[in-house]
Amino acid sequence: MTYSFPPTFQWGTATAAYQIEGAIQADGRAPSVWDTFSTQAGTVLNGDTGAIACDHYHRYRDDIQLLADLGIQHYRFSVAWPRILPQGSGAVNSAGLAFYDKLVDGLLAQGITPHVTLFHWDSPQALEDRYGSWRSREMAKDFADYATVVVKALGDRVTHWMTLNEIFCFTHLGYGVNQIPPHAPGTVVSSLKDVWQTSHHALLAHGLGCQAIRAASPQTCTVSLVDNFLATIPTVETPENIAAAQTAFHTVGTNGGIIFPALTGEYSPALLEQLGDQAPDIAPGDLDTIRQPLDALGFNVYSGVYVRAAETPLGYEILPFPKGYPRLHMPWLHVVPESLYWGVRHVSTTLNQPQMPVFISENGCAAQDELTQQSEVLDLDRIHYLRQYLHAAHRAVVEGYPLQGYFLWSLMDNFEWAYGYDRRFGITYIDYPTQQRIPKASFYWYKQCIAANQIL
Ligand code: NOJ
């Protein structure tokens, strides 16, 4: 049996600015909240920061060549807001824009389509100092103005835009998780309501951002949101367990307050009931702003949760992962390939958006990669993981769900946020002291899959 994809299926790979660029002081860039956060003692493993990262800012030509060697046609990267508007709003830094100009031209010259994320967590520190970033509604307006600047500059060549990446992570993990060390930048706020208010502001940014992109784009373009909603998987695929997974989908993680309003224009009623007086304040008109027509939804998927029907008040239970459940090199990275399939299916069914094209905007894993004496990285564990998730993608396609592409996270090892350089998600090994790029076994495997348009 072969596992082929339709000829239109988009094979891609993804990165994000702060995780690869380095060059944090180059050409007028001002600090982002991650620069500030990572330089505070005890925040990031081993005291790592994004100051140099993969030095992509200076080595972008080599990295475009790497993409060309991979035979990829689609590349997702993000633009760093503090390069473009160092003060968050106001004066535009044309030297910052020039970098992305060159990057886009270089990609197009190799026949690679750029897919641009406007915000992947590195917001300007200036806005944190001015009004507390996502604690303020101002942030949504400033994001839309920033989007306008970028789209005006690149929109003659870029036609695929993503607004925000993983709202849950940069709001709830930054403002809501009172742990030591903290997980992400953001002043821990005093109530759950205030945490939800930050994600509500991010949703507004998404909505205003969509409008800004469409207004500024000189040509027809696609606009999407990238979300890491949590997929609920029926432990056994019987009608009652499937129904249980659908019910649970509303309230697990932050689904009910992020993907629900973004796609349906309403917070999930089940979530609102659970939150009670901790629900965010929603001003008149907000939900209309938030629910914008989207051309596609980007789904970042790494793991999921198993659900079964049960005689509980909610009618289901979430099953804990047993000790010894297969996991890759992050505490949360349980291997749950079905989450890809079920995530796509929930968009169609539970969110009632059967026409909404979905693409996997990220999927991948951290593994304990080592260089052999022959300078190879034999990351068979990563190939094993990826192959299973691609099978789940194949199932979604075969069953007729509108899954249009797959972006592997990540093109290369990079700054994995609070885990610094300790966790490697790349299909290319970065030897940080020399900045040498060494394609791993998974790189060559993925290259063959792309070329054959099938899982090999
Ligand atoms: C999702 C995030 O978008 C990305 O920045 C991160 O590196 C991966 N997950 C892996 O944790």
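Counting starts at 1 for both ligands and their atoms, in listed order. In this chain, numbering begins with 1 at the start of the sequence shown. Predicted, not measured: the structure shown is a model, and the values here were computed from it.
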Undergrad: In terms of atom number and element, which parts of ligand 1 are under 4.0 angstrom from non-hydrogen atoms of E166?
TA: 1 (C), 2 (C), 3 (O)
Undergrad: Counting non-hydrogen protein atoms only, what is the nearest one to atom 9 (N) of ligand 1? Give residue, atom name and distance.
TA: E362 OE1, 3.4 Å
Undergrad: Within a reach of under 6.0 Å around CD of E399, are more than 12 heavy atoms found that belong to other residues, nucleotides or ligands?
TA: yes
Undergrad: For ligand 1, does N414 get within less than 4.0 Å through its side chain, its backbone, both, or neither, judged by non-hydrogen atoms?
TA: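 The answer is neither; N414 stays 4.0 Å or more away.
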Undergrad: Answer with side chain, backbone, both or neither: which part of Q19 has a heavy atom less than 4.0 angstrom from an atom of ligand 1?
TA: side chain
Undergrad: Just jot down the ligand 1 atoms closer than 4.0 angstrom to any heavy atom of N300, in number order.
TA: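 Counting atoms of ligand 1 from 1, those under 4.0 Å from N300 are 3 (O).
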Undergrad: Should you measure from each heavy atom of F425, which atoms of ligand 1 turn up under 4.0 Å away?
TA: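 In order of numbering, the contacting atoms are 10 (C), 11 (O).
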Undergrad: Nearest non-hydrogen contact with atom 11 (O) of ligand 1 belongs to which option: E416, R423, H120?
TA: E416
Undergrad: Answer with side chain, backbone, both or neither: which part of W332 has a heavy atom less than 4.0 angstrom from an atom of ligand 1?
TA: side chain
Undergrad: Out of the candidates R423, R424, K440, only one should pair with D369 under the salt bridge (Lys or Arg N to Asp or Glu O under 4.0 Å) rule; please name it.
TA: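 The passing option is K440.
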Undergrad: Between D286 and R137, does at least one N-O distance fall below 4.0 Å, as a salt bridge requires?
TA: yes
Undergrad: As an exercise, state the distance from CD of Q19 to NE2 of H120, rounded to the nearest 0.5 Å.
TA: 5.0 Å
Undergrad: So, for F229 and F299, is the gap between ring centers shorter than 6.0 Å?
TA: yes
Undergrad: Hey, are E21 and R83 close enough for a salt bridge, meaning a charged N less than 4.0 Å from a carboxylate O?
TA: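 Yes, charged N to carboxylate O under 4.0 Å.
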Undergrad: May I ask whether Y419 places a heavy atom under 4.0 Å from ligand 1?
TA: no
Undergrad: Among all protein heavy atoms, pick the one closest to atom 8 (C) of ligand 1 and tell me residue, atom and distance.
TA: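 Sorting protein heavy atoms by distance from atom 8 (C) of ligand 1 puts Y302 OH, 3.4 Å first.
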Undergrad: Using the benzene-type ring in the case of Trp, are the ring centres of W11 and F9 under 6.0 Å apart?
TA: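 When the ring centroids of W11 and F9 are compared, they turn out to be within the sub-6.0 Å range.
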Undergrad: With a 4.0 Å heavy-atom cut-off (strictly under), which part of N228 contacts ligand 1: side chain, backbone, both or neither?
TA: neither
Undergrad: Look at E362 together with R76 and state whether they make a salt bridge at an N to O cut-off of under 4.0 Å.
TA: yes
